[in-house]
Structure formats: structure tokens, C-alpha cells
Amino acid sequence: MSRPTLEVADIFRDHGAAWRKANAGHVSLDQLKVMSAIERCRTAALGGHVARCEDCAHTVIAYNSCRNRHCPKCQGAAAKEWLAEREAELLPVPYFHVVFTLPGPIGDIAYQNKAVIYDLLFKAAAEATLTIAADPKHLGASIGITAVLHTWGSALTHHPHVHMIVPGGGLSDDGARWIACRPTFFLPVRVLSRLFRRLSLKMLTAAHAAGRLVFFGEYAALTDSKAFTAFLALLHRTEWVVYAKKPFGGPQAVLAYLSRYTHRVAISNRRLIKADDTAVTFKWKDYRIEGPGRYTTMTLATNEFIRRFLMHVLPKACEDCAHTVIAYNSCRNRHCPKCQATARAAWLEREPSYLLAPE
């Protein structure tokens with residue numbers, strides 16, 4: 001695959017110094033480190049190695065990568081390694097895709113409290129899914145989940161949400177049998193949404209009481225406990241978005257899908273179209289539009305493009321959980337072989353077409 005002609009690194013090298021000077025005092029150390037890493041990635045500044053042909057003496061210089069979590073050029077190898085590890089854990093069952101999204105007002109305060117609220121988002125989404133799945137009224141099984149945090153929308157706006165990949169079933173309480181959900185239905189999203197809302201608000205209240213949340217600017221008044229309680233009260237009465245997509249075709253389809261979501265950064269270099277001293281143009285998808293018309297372009301002022309990219313820099317405390325969280329009801333290493341065996345036996349009896357198809 002050919003290398004993109006325009007990269008985020010090019011924009012940072014050309015305009016980063018001026019942007020940092022204009023925003024001095026408003027840029028975090030983490031953001032400065034990310035800018036430096038991306039600007040230096042695969043350049044002489046990081047060193048490299050030389051490969052030379054013994055016959056013709058043709059020489060190639062390969063510079064080292066920065067390996068920063070936020071660098072668009074450094075996620076390919078990490079994603080392949082991650083996928084190889086996950087492939088061994090895949091079960092021979094259909095998988096569902098569930099998305100948990102924080103409401104806009106909470107997304108706004110999450111930007112000022114990334115480490116706390118992103119962690120809260122993961123925990124609330126996971127607990128809601130595991131709890132409803134374990135309820136005998138719904139599935140009555142211990143399930144596993146893989147969750148990936150994204151903090152952006154296609155236009156680089158702040159839009160924190162979790163993509164969750166869930167197998168269509170789980171182990172019974174005694175671990176002796178596999179309990180499968182209906183072929184095209186995992187769990188009721190309305191029930192998931194209500195529990196996700198309740199858990200999130202409860203965790204937010206506890207975090208505020210413990211003094212773990214900070215507020216600036218237009219949200220400074222939320223430091224007061226009564227004001228924060230009133231703020232959350234409005235969210236008790238709104239619908240929280242939990243969306244479940246149709247099941248995947250099989251385990252290999254799950255891997256193909258995950259490869260597009262894990263180790264992704266706010267924007268890939270291949271979405272960039274052009275950049276100059278005043279603006280950056282890139283491809284984006286407008287999810288409000290159905291059909292081919294949703295694929296279009298957006299142009300932002302260069303300083304605004306840099307600001308939007310950097311708003312998705314994660315605090316160090318969040319980086320390890322940003323790629324994925326694997327959560328089984330008990331020890332994953334102990335349960336996974338049993339899941340593999342019981343799930344395979346149960347689904348071979350049903351002979352799903354994707355298990356019988358050739359490679």
C-alpha cells in the first residue's frame with residue numbers, strides 16, 4: 001500500500017511551532033509530547049538503520065518510529081500483534097456489536113476529566129452488559145466482552161463512546177454448558193440503556209463526592225454539590241444511546257471488523273486531502289445522512305484542525321485501557337478454554353453455515 005502524500009506529521013512540522021506559541025499555557029504536557037513524537041516519527045531525529053545490498057551496494061535508510069499511541073503511522077504493527085492475541089480467544093459463535101455513548105453534557109465535562117470519566121464509561125458499559133446478560137430473564141449466562149474506547153466523531157469533535165464486541169452467548173453458572181442467545185438478538189437495548197444510565201450517574205455522583213472531578217470555564221459552577229446534583233437530574237430524564245448492530249457473519253468477520261477499530265487514532269493520514277497555511281481539508285462521514293451522500297469533505301482552519309486532533313490525546317492513565325478491555329465474569333485464562341469447548345460443541349450441533357464454509 002502506497003504511503004499517503006500528506007500526513008498529520010507534515011501539518012505539525014509546518015504549523016506546530018506557531019500553534020504552540022499562540023496557545024502557550026493552554027497546552028498540556030501530554031499534548032506537547034504527542035506533537036513532538038509525531039513530528040519526529042521516522043525521521044533522522046529518532047535514528048534508524050541502514051540496509052545495503054551485498055551485490056550492488058544499493059542502500060536504504062529506514063528511520064525509527066516514535067511508537068506513540070496517538071501517531072497515525074505507528075498503529076499497524078501494534079494492531080496486528082493485538083489481533084493475533086485476540087484470535088486465540090475467539091469463540092465459534094456469532095458476535096454482536098454494541099455501542100455505548102455518553103450524552104453531550106457529560107461528554108463536555110469528560111473533556112475536563114478524561115481519566116475519571118473515560119474509566120467510568122468503560123466500567124458502566126461493562127457492568128451493564130454483564131449484569132443484564134447474567135439475568136435469567138434475559139440470557140442467564142456469564143459472558144465475555146471486548147471494548148474499545150473512541151473519543152472522536154468523524155469531524156474530530158469530542159464524542160466519547162465505547163464499541164463493544166460481545167459473543168452471542170456465555171457459560172452457565174456451573175460452567176458446564178453454553179447458553180446461546182437468539183440468532184439475531186443479543187440483549188434488549190432499552191434495558192441496557194437504562195442500567196447504563198443509572199450506573200453512570202451513580203458513579204459520577206460518587207466521583208464528585210470524592211473530589212475527583214474538576215470544572216473550568218462555563219462548568220465551574222458544577223463544583224458545588226447542589227449544582228452538580230441539579231445538572232445530573234436533567235440527565236435522569238433523557239434517553240441514553242445504546243445501539244446494537246446486527247451479528248457478524250462469524251469469527252473471521254469479527255477479526256476483520258476489529259482490525260478497523262483497534263489502535264485507531266482520531267484521523268488517519270489517508271483521510272487528509274490537502275493542507276496549506278490557512279486550512280486543512282479531509283474526508284469525513286456525516287452519520288445523519290443515509291446513503292452515499294454521507295461521504296463528503298470538511299475544511300477546517302489549520303489551527304482548529306490541530307486543536308481538534310490534540311483534544312483526543314489521552315492522559316497516561318487512560319492509554320492502556322483505550323485499546324481494549326477484556327472482561328469475563330471470572331478469570332479469563334481459566335474460563336476461555338472451557339468457553340471454547342462448550343461453545344464449539346453447542347454450535348456444531350446447530351451447524352452454522354460459516355463453520356462449514358471453506359477458508
Side-chain angles (χ1 to χ4, degrees), residues 91 93-110 117-151 153-154 158-173 178-207 229-249 254 257-258 261 285-290 294 324-329:
L91 304 176
V93 300
Y95 278 75
F96 291 80
H97 177 200
V98 186
V99 182
F100 292 81
T101 303
L102 289 177
I106 295 182
D108 292 340
I109 64 171
I117 296 185
Y118 292 166
D119 180 61
L120 178 154
L121 168 58
F122 262 125
K123 289 179 178 177
E127 185 175 341
T129 306
L130 294 171
T131 300
I132 300 302
D135 189 336
K137 293 187 296 183
H138 299 293
L139 183 61
S142 298
I143 66 167
I145 62 175
T146 301
V148 180
L149 171 69
H150 284 179
T151 63
S154 186
H158 189 238
H159 179 64
H161 56 285
V162 163
H163 292 270
M164 190 177 289
I165 308 299
V166 191
L171 289 175
S172 58
D173 286 343
W178 179 262
I179 301 175
C181 66
R182 285 182 274 170
T184 59
F185 180 82
F186 174 54
L187 293 172
V189 291
R190 182 176 289 271
V191 176
L192 279 174
S193 174
R194 298 290 168 81
L195 182 55
F196 173 57
R197 178 179 64 186
R198 181 166 64 81
L199 291 172
S200 297
L201 294 175
K202 179 181 178 181
M203 292 179 187
L204 281 167
T205 300
T229 300
F231 171 79
L232 294 186
L234 297 174
L235 296 168
H236 276 282
R237 299 190 291 270
T238 60
E239 292 294 332
W240 289 38
V241 177
V242 176
Y243 175 63
K245 294 186 177 182
K246 295 178 181 178
F248 297 94
V254 175
Y257 185 84
L258 283 178
Y261 272 86
K285 185 189 298 185
D286 189 343
Y287 288 93
R288 297 168 299 181
I289 300 174
E290 294 294 334
R294 62 168 41 185
T324 182
V325 168
I326 306 293
Y328 283 87
N329 250 15

Exercise. To the nearest 0.5 angstrom, please state how far the CG atom of Leu187 sits from the CZ atom of Phe96.
Key: 8.5 Å
Quiz item: Is the closest side-chain heavy-atom distance between Leu204 and Ile117 below 4.5 Å?
Solution: yes
Exercise. To the nearest 0.5 Å, tell me how far Tyr95 OH sits from Met164 CE.
Key: 14.0 Å
Exercise. Please round to the nearest 0.5 Å and tell me the distance separating atom CG of Leu201 and atom CG of Leu120.
Key: 9.0 Å
Quiz item: Where does the angle between the aromatic ring planes of His158 and Tyr118 fall among parallel (under 30°), tilted (30 to 60°) and perpendicular (over 60°)?
Solution: tilted
Quiz item: Which atom pair, heavy atoms only, marks the closest approach of Val162 to Ala147?
Solution: CG1-CB, 3.7 Å
Practice problem: Output, in order, the C-alpha distance, side-chain angles, deciding distance and verdict of side chain to side chain contact (heavy atoms under 4.5 Å, CB included) for Phe231 and Ile109. | Solution: CA-CA 11 Å; Phe231 171 79; Ile109 64 171; 3.9 Å; yes
Practice problem: Enter the distance from Thr101:OG1 to Ile106:CD1 here, rounded to the nearest 0.5 Å. | Solution: 12.0 Å
Self-check item: Residues forming a salt bridge (charged side-chain N to carboxylate O under 4.0 Å, His left out) with Lys285, sequence neighbours excluded
Solution: none
Quiz prompt | Taking every non-hydrogen atom, the tightest pair across Glu239 and Ser193 | solution = OE1-OG, 4.4 Å
Quiz prompt | Phe196 vs Leu102, side chain to side chain contact (heavy atoms under 4.5 Å, CB included): CA-CA, chis, key distance, verdict | solution = CA-CA 10 Å; Phe196 173 57; Leu102 289 177; 4.2 Å; yes
Exercise. Scan for side chain to side chain donor-acceptor pair (under 3.5 Å) pairs involving residues 196-205, sequence neighbours excluded, and state none if there are none.
Key: none
Quiz item: Which pair of heavy atoms, one from Phe100 and one from Val242, lies closest together, and at what distance?
Solution: CD2-CG2, 3.6 Å
Quiz item: Closest heavy-atom contact between Leu235 and Pro105?
Solution: CD2-CG, 4.0 Å
Self-check item: Nearest non-hydrogen partners of Leu139 and Ile179, listed with the distance
Solution: O-CG2, 3.5 Å
Table please: side-chain donor-acceptor pairs of residues 126-136 below 3.5 Å, with sequence neighbours left out.
unit_1: Thr129; atom_1: OG1; unit_2: Ala125; atom_2: O; d: 2.8
unit_1: Thr131; atom_1: OG1; unit_2: Glu127; atom_2: O; d: 2.6
unit_1: Asp135; atom_1: OD1; unit_2: Lys137; atom_2: N; d: 2.9

Exercise. Determine the interplanar angle of the His159 and His161 rings, folded into 0 to 90°, and report it as parallel if under 30°, tilted if 30 to 60°, perpendicular if over 60°.
Key: tilted
Quiz prompt | Pairwise distance NE2(His97) to CZ(Phe186) - rounded to 0.5 angstrom | solution = 12.5 Å
Quiz prompt | Asp173 atom CG, over 12 foreign heavy atoms within 6.0 Å | solution = no
